[in-house]
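Just the heavy atoms: all of them, side chains too, but no hydrogens, waters or symmetry mates, feed the values below. Positions are given from 1 along the sequence.
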Amino acid sequence: MTAGVFPETGLFQRAAAAFATCVPVDPADDGFFGPGSVTWRLHADLSVPVSGLRSLLLQALHPLAMAGVDQHSQWRDDPSARFASTAAYVLTTTYGDRAAALAAAQRVRKIHEYVRGVDPVTGKPYAAGDPALLIWVHAAQVESWLAAAARYGLTLTPAEQDQYVAEMTAAAELVGVPAAGFADGGAPASVAELDAYFEAVRPSLATSRSTEDTAAYLIGMPDVEPELAEVWEVLAAAAVASLPGWARAMYGFGSGGAANTGRAANTGRDRDSVPPEREAVRQVLGVLDAVYLGEPGVLEARQRLTLRMRAAQRPQAQPR
């Protein structure tokens with residue numbers, strides 16, 4: 001996706017346009033997950049804006065992933081377009097039919113062929129198509145969806161959490177992660193494997209000036225619509241508060257809502273010591289959802305998803 005696909009100027013407006021565009025009207029099939037999956041439920045939850053921002057903050061802690069962004073992406077020139085492009089990919093692979101999901105994944109894999117270089121901080125080579133890096137990005141996304149929902153959204157049972165992680169291995173395989181068990185180089189397929197993965201990868205994570213600048217930019221996000229600036233502040237505080245303790249410590253965030261950087265530093269309020277309350281965040285997410293529903297095509301797309309999910313929940317008629 002490019003900026004021209006979603007011509008609106010605001011970050012939230014472009015995200016809404018991506019949603020309206022990428023939820024299919026007449027899909028050929030149920031795609032890689034289907035309306036009865038935990039993935040459909042979780043990716044439709046109010047907590048998704050928090051999980052998306054949290055995931056970016058978590059991903060930035062991997063030096064090789066950060067080097068790839070620094071050397072091959074100009075996302076700060078037009079962050080709204082980049083956010084909309086990422087949202088479009090996730091929506092297509094989640095709700096699109098198999099042909100649409102495969103086409104979207106193939107475009108991403110093609111881009112990854114050119115994203116390679118050497119990290120100036122560690123001196124190590126990197127390639128975006130390296131399964132190890134792909135698993136890092138994937139695991140950060142999956143863990144962020146679960147963590148944001150647990151704190152601010154949908155309640156899932158332990159079995160449903162495991163089911164979600166297992167379902168999402170299909171998304172990892174779409175972009176090039178080997179279709180193998182976790183022990184053989186595949187993506188984590190359970191919460192226990194996801195925890196084990198983060199425990200194993202943590203020694204290779206680090207912060208740098210680039211990491212800190214990226215976090216400050218994401219938290220302060222200058223591209224958000226002015227009327228939604230306070231909404232972004234709450235989302236940023238919630239994203240940071242839901243990070244694992246070790247990640248907050250690496251950033252120097254402390255135990256609360258947000259780092260003393262970006263817009264937070266300019267408000268004169270110390271949000272670092274007071275994590276946002278669940279209900280306060282949910283109220284803001286509800287306001288944001290109402291804004292989304294007011295954008296062209298979003299309500300209709302939401303209704304299409306709701307109808308398909310309800311149909312999947314109905315008991316199937318028994319043959320006579």
Could you grab the distance from atom CG of Asp26 to atom CZ of Arg304, nearest 0.5 Å is fine? 10.0 Å

Is the side chain of Ser37 donor-acceptor paired with the backbone N or O of Gly34 at a distance under 3.5 Å, no angle test? yes

Verify, without hydrogens or angle tests, whether Ser242 (side chain) and Ala239 (backbone) share a donor-acceptor contact under 3.5 angstrom. yes

Count the heavy atoms of every other residue, nucleotide or ligand shown that sit under 6.0 Å from CD of Glu277, and state whether that count exceeds 12. no

Looking at side-chain heavy atoms only, is the closest gap between Leu235 and Leu288 below 4.5 Å? yes

Do you know which two heavy atoms are closest between Ala241 and Arg248, and how far apart they sit? O-NH1, 3.2 Å

Quick check: are there more than 12 heavy atoms from other residues, nucleotides or ligands sitting under 6.0 Å from CD of Glu113? yes

Return the CE to CG distance between Met221 and Leu228, rounded to the nearest 0.5 Å. 13.0 Å

Does any N or O in the side chain of Arg116 come within less than 3.5 Å of the main-chain N or O of Tyr126, such that one atom is a donor and the other an acceptor? no

Nearest heavy-atom pair of Arg109 and Glu173: which atoms, and what distance? NH1-O, 3.9 Å

Separation between OH of Tyr152 and CG of Asp45, rounded to the nearest 0.5 Å: 13.0 Å

Under the 3.5 angstrom rule, does the side chain of Asp97 hit a backbone N or O of Pro27 as a donor-acceptor pair? no

Knowing that exactly one of Gln303, Arg302, Met309 qualifies, which makes a side chain to side chain contact (heavy atoms under 4.5 Å, CB included) with Thr306? Arg302

Show me the side-chain donor-acceptor pairs of residues 161-168 shorter than 3.5 Å, one per line, residues at least two apart or across chains.
unit_1: Gln161; atom_1: NE2; unit_2: Leu156; atom_2: O; d: 3.2
unit_1: Asp162; atom_1: OD1; unit_2: Val191; atom_2: N; d: 2.8
unit_1: Gln163; atom_1: NE2; unit_2: Glu167; atom_2: OE2; d: 2.8
unit_1: Tyr164; atom_1: OH; unit_2: His43; atom_2: NE2; d: 2.9
unit_1: Glu167; atom_1: OE1; unit_2: Val38; atom_2: N; d: 3.3
unit_1: Glu167; atom_1: OE1; unit_2: Thr39; atom_2: N; d: 2.9
unit_1: Glu167; atom_1: OE1; unit_2: Thr39; atom_2: OG1; d: 2.7
unit_1: Glu167; atom_1: OE2; unit_2: Val38; atom_2: N; d: 3.3

Quick one: do Glu212 and Arg209 make a salt bridge, cutoff under 4.0 Å? no

I'd like to know if the side chain of Trp145 and the backbone of Val48 have a donor-acceptor N/O pair within less than 3.5 Å. no

Looking at Ala104 and Thr92, what are the two nearest heavy atoms and their distance? CB-CG2, 4.0 Å

Taking all atoms of both residues into account, what is the closest heavy-atom pair of Tyr292 and Phe12, and its distance? CE2-O, 3.4 Å

Counting N and O atoms only, with roles assigned by atom type, does the side chain of Glu199 sit under 3.5 Å from a partner on the main chain of Ala196, one being a donor and the other an acceptor? no

What distance separates Asp119 CG from Thr122 OG1, expressed to the nearest 0.5 Å? 3.5 Å

Which atoms form the tightest heavy-atom contact between Ala149 and Leu42, and what is the distance? CB-CD1, 3.5 Å

Measure the acute angle between the ring planes of Phe182 and Tyr197, then classify it against the limits of 30° and 60° as parallel, tilted or perpendicular. perpendicular

Is it true that Arg282 and Asp289 have a side-chain N and a carboxylate O under 4.0 angstrom from each other? no

Looking at every heavy atom in both Ala16 and Val298, which two are closest together, and how far apart are they? O-CG2, 3.5 Å

Test your reading of the model: is there a side-chain donor-acceptor pair from Glu225 to the backbone of Leu11, 3.5 Å cut-off? yes

Do Leu53 and Trp232 touch side chain to side chain, with heavy atoms closer than 4.5 Å? yes

Could you tell me whether the side chain of Pro24 reaches within less than 4.5 Å of the side chain of Arg308, counting heavy atoms only? yes

If you group Ile, Leu, Val, Met, Phe, Trp and Tyr by side-chain heavy-atom gaps below 4.5 Å, do Leu307 and Trp40 land in one group? no

Expected output: side-chain Ser144 to main-chain Ala140 donor-acceptor under 3.5 Å: yes

Would the distance check show the side chain of Tyr251 and the main-chain N or O of Thr207 forming a donor-acceptor pair, the cut-off being under 3.5 Å? no

Cluster link Met66 to Trp246, ILVMFWY, side chain under 4.5 Å: yes

Walk me through whether Thr214 and Thr211 qualify under side-chain hydrogen bond (donor to acceptor under 3.5 Å, both in side chains). CA-CA 5 Å; Thr214 296; Thr211 304; over 6 Å; no

Less than 4.0 Å between a side-chain N and a carboxylate O, is that true for Asp30 and Arg98? no

Donor-acceptor pair, Arg107 side chain versus Leu102 backbone, under 3.5 Å? no

